[in-house]
Amino acid sequence: MEKLFIVCTFDCSFEYYEETIEKFVKEYGDGVVINYDLNKINDHKSHSFYNVTSLEAFIEILDTPFAREWDKTNNCKDIVYKLERPL
């Protein structure tokens with residue numbers, strides 16, 4: 001399991017972004033996204049934590065035609081950080 005922290009900015013409302021993420025995870029995240037926690041920073045920014053089965057598989061679902069088009073339309077930018085526990 002991989003733990004991710006994502007900083008996201010977007011031009012749409014936070015509510016629309018939140019609805020889209022929920023639908024996106026249900027449609028594309030099955031078998032990849034174990035769970036996630038989405039936190040509103042302001043109307044156009046979120047921080048989220050994801051537990052995923054594979055970083056590579058998660059990156060693939062972020063690169064679907066739907067995700068690319070939605071990101072372009074809503075000027076959505078994601079910065080993905082992989083969280084690791086220090087030894």
Side-chain angles (χ1 to χ4, degrees):
M1 178 172 64
E2 304 284 347
K3 295 180 182 284
L4 307 176
F5 172 66
I6 302 175
V7 176
C8 186
T9 58
F10 39 86
D11 287 347
C12 63
S13 70
F14 177 81
E15 291 74 19
Y16 179 63
Y17 172 77
E18 185 176 38
E19 290 170 11
T20 302
I21 293 300
E22 185 177 331
K23 290 176 188 175
F24 183 75
V25 167
K26 284 181 182 175
E27 185 170 336
Y28 294 97
D30 189 39
V32 177
V33 177
I34 297 166
N35 58 40
Y36 71 99
D37 182 26
L38 186 63
N39 300 284
K40 179 179 181 177
I41 302 305
N42 62 41
D43 287 337
H44 302 289
K45 185 174 186 176
S46 74
H47 289 172
S48 53
F49 295 91
Y50 284 77
N51 290 316
V52 299
T53 56
S54 160
L55 179 58
E56 293 78 18
F58 186 71
I59 289 170
E60 284 181 23
I61 66 171
L62 291 180
D63 196 34
T64 60
F66 170 81
R68 286 193 309 268
E69 183 60 34
W70 195 93
D71 287 352
K72 183 179 175 183
T73 300
N74 293 283
N75 194 31
C76 183
K77 307 282 189 251
D78 295 316
I79 302 172
V80 179
Y81 298 93
K82 181 179 175 185
L83 301 176
E84 294 181 355
R85 210 169 226 203
L87 298 175

Which heavy-atom pair separates [X] from [Y] by the least distance, and what is that distance?
| X | Y | result |
| --- | --- | --- |
| Leu38 | Ser48 | CD1-CB, 3.8 Å |
| Ala67 | Leu62 | CB-O, 3.3 Å |
| Thr53 | Gly31 | OG1-O, 3.0 Å |

Heavy-atom distance under 4.5 Å between the side chains of [X] and [Y], does that happen here?
| X | Y | answer |
| --- | --- | --- |
| Val33 | Ile61 | yes |
| Asn39 | Phe49 | yes |
| Ile34 | Met1 | yes |
| His47 | Val7 | yes |
| Val52 | Leu4 | yes |

Listed once per pair and sorted, the salt bridge (charged side-chain N to carboxylate O under 4.0 Å, His left out) pairs that draw on [range], sequence neighbours left out:
| range | value |
| --- | --- |
| residues 27-37 | none |
| residues 45-64 | Asp63-Arg68 |
| residues 13-25 | Glu15-Lys40, Glu22-Lys26 |

With sequence neighbours left out, what residues match Asn42 under side-chain hydrogen bond (donor to acceptor under 3.5 Å, both in side chains)? none
Applying side-chain hydrogen bond (donor to acceptor under 3.5 Å, both in side chains) to Ser13 and not counting sequence neighbours gives none
For residues 74-81, which side-chain N or O atoms pair as donor and acceptor with protein atoms under 3.5 Å away, sequence neighbours left out?
from: Asn74; atom 1: ND2; to: Trp70; atom 2: O; distance (Å): 3.0
from: Asn75; atom 1: OD1; to: Lys77; atom 2: NZ; distance (Å): 3.2
from: Asn75; atom 1: ND2; to: Asp11; atom 2: OD2; distance (Å): 3.3

Pair Phe66-Phe24, side chain to side chain contact (heavy atoms under 4.5 Å, CB included): steps then yes or no: CA-CA 9 Å; Phe66 170 81; Phe24 183 75; 3.6 Å; yes
What verdict does the side chain to side chain contact (heavy atoms under 4.5 Å, CB included) test give for Val25 and Tyr36, after you've listed the backbone C-alpha separation in whole Å, the side-chain angles of each residue and the deciding distance to 0.1 Å? CA-CA 9 Å; Val25 167; Tyr36 71 99; 3.8 Å; yes
The ring pair (Phe, Tyr, Trp, His ring centres under 6.0 Å) partners of Phe14 (sequence neighbours excluded) come to none
For Phe10, ring pair (Phe, Tyr, Trp, His ring centres under 6.0 Å) partners two or more places apart: Tyr17
Applying salt bridge (Lys or Arg N to Asp or Glu O under 4.0 Å), can you list everything that pairs with Glu84, at least two apart in sequence or on another chain? Lys82
